**Student:** 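Once you've had a glance at the structure underneath, I'll fire off some questions.
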Amino acid sequence: EADIYQTPRYLVIGTGKKITLECSQTMGHDKMYWYQQDPGMELHLIHYSYGVNSTEKGDLSSESTVSRIRTEHFPLTLESARPSHTSQYLCASSAGRYNEQFFGPGTRLTVL
Amino acid sequence: ELKVEQNPLFLSMQEGKNYTIYCNYSTTSDRLYWYRQDPGKSLESLFVLLSNGAVKQEGRLMASLDTKARLSTLHITAAVHDLSATYFCAVVPSPYSGGGADGLTFGKGTHLIIQP
């Protein structure tokens with residue numbers, strides 16, 4: 001069973017605040033990903049990482065940034081949150097030949 | 001740009017019936033995945049399909065892949081209420097057709113409601 005954790009699970013904040021969404025995995029996976037999902041909609045890849053010190057932007061443009069200083073940790077930061085950032089953010093990790101991705105429980109962000 | 005289309009997007013069916021969800025994708029792909037998502041929850045991996053003609057089954061769900069037609073199907077046999085969820089297919093483009101590495105491109109999802 002996948003062990004991938006996200007905190008907080010729910011976050012309501014005001015416009016202009018800086019926030020960091022945490023993602024950690026205990027499986028030793030090299031590859032990690034962040035997806036954004038609006039309610040009832042598909043997921044969009046916003047960031048990914050192949051390993052420590054590797055980060056790339058995904059298919060959907062995002063104002064967020066990520067870092068990968070440790071293999072198990074892949075935090076996402078918004079320097080100045082806006083209502084348009086309201087969404088669910090899902091973290092995933094993968095490894096192995098088929099790169100099956102395992103998803104965390106998600107962080108539901110609301111920016112007022 | 002890789003596009004993934006699912007149909008139907010909404011499906012209401014009765015227990016005991018059979019139905020198929022379709023997933024079409026627009027460019028060459030190495031791998032296709034099916035996921036399940038319950039309301040307010042994360043995604044659960046169902047199937048990984050890696051080659052043309054691949055077929056996988058788990059309980060009442062069976063998934064298949066036709067890479068030449070760029071089509072995958074998820075077949076539900078004798079549906080039960082517990083299968084109510086949203087089902088997503090997701091595709092990784094092949095290395096030589098661009099795309100965000102191993103990042104998944106998702107379909108819009110099929111919202112499935114199974115009524116007693």
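Predicted, not measured: the structure shown is a model, and the values here were computed from it. Computed over heavy atoms, backbone and side chain alike; hydrogens, waters and symmetry mates excluded. Per chain, numbering begins at 1; letters A, B, ... match sequence-line order.
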**Student:** Answer yes if B:M13 and B:L83 sit in the same cluster of Ile, Leu, Val, Met, Phe, Trp and Tyr residues linked by side chain heavy atoms under 4.5 Å apart, and no otherwise.
**Tutor:** yes
**Student:** Decide yes or no for B:E44 and A:F103: does some side-chain heavy atom of the first lie under 4.5 Å from some side-chain heavy atom of the second?
**Tutor:**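 A side-chain contact under 4.5 Å is absent here.
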**Student:** Can you hop from B:L61 to B:V48 via hydrophobic side chains spaced under 4.5 Å?
**Tutor:** no
**Student:** Answer with side chain, backbone, both or neither: which region of A:E100 has an atom nearer than 4.5 Å to a non-hydrogen atom of chain B?
**Tutor:**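 Both parts, backbone and side chain.
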**Student:** Which atoms of A:Q6 are under 4.5 Å from chain B, going by heavy atoms: the side chain, the backbone, both sets, or neither?
**Tutor:**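 A:Q6 has no heavy atom closer than 4.5 Å to chain B.
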**Student:** Evaluate the side-chain proximity of B:Q37 to A:Q37: yes if any heavy-atom separation is below 4.5 Å, no if none is.
**Tutor:**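 Contact flag for A:Q37/B:Q37 side chains = yes.
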**Student:** Does any non-hydrogen side-chain atom of A:L90 lie less than 4.5 Å from one of B:L43?
**Tutor:** yes
**Student:** Same cluster or not: are A:L78 and A:L11 linked, directly or through other Ile, Leu, Val, Met, Phe, Trp or Tyr residues, by side-chain heavy atoms under 4.5 angstrom apart?
**Tutor:** yes
**Student:** When rounded to the nearest 0.5 angstrom, what is the spacing between CG in A:L43 and OG1 in B:T105?
**Tutor:**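 It comes to 11.0 Å.
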**Student:** For the NE2 atom on A:H73, are there more than 12 heavy atoms of other groups (residues, nucleotides or ligands in this structure) within a distance under 6.0 Å?
**Tutor:** yes
**Student:** Step by step, work out the side chain to side chain contact (heavy atoms under 4.5 Å, CB included) result for A:Y35 and B:L104.
**Tutor:** CA-CA 9 Å; A:Y35 292 88; B:L104 297 172; 3.4 Å; yes
**Student:** Would you give the length of the straight line joining atom CZ of B:F106 to atom NE2 of A:H44, rounded to the nearest 0.5 angstrom?
**Tutor:** 10.5 Å
**Student:** Taking B:I21 as the starting point, is it possible to reach B:Y35 by hopping between hydrophobic residues whose side chains are less than 4.5 Å apart?
**Tutor:** no
**Student:** For chain B, which residues from residues 104-112 of chain A lie under 4.5 Å away (heavy-atom distances)?
**Tutor:**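 Within residues 104-112 of chain A, near chain B: A:G104, A:P105, A:R108.
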**Student:** Should the heavy atoms of other residues, nucleotides or ligands under 6.0 Å from CD of B:E15 be counted, would the total exceed 12?
**Tutor:**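 Yes - once you tally the heavy atoms of other residues, nucleotides and ligands closer than 6.0 Å, there are more than 12.
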**Student:** Are B:I114 and B:W34 connected, step by step, through hydrophobic side chains (Ile, Leu, Val, Met, Phe, Trp, Tyr) whose heavy atoms are closer than 4.5 Å?
**Tutor:**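 Yes: a chain of side-chain contacts under 4.5 Å links B:I114 to B:W34.
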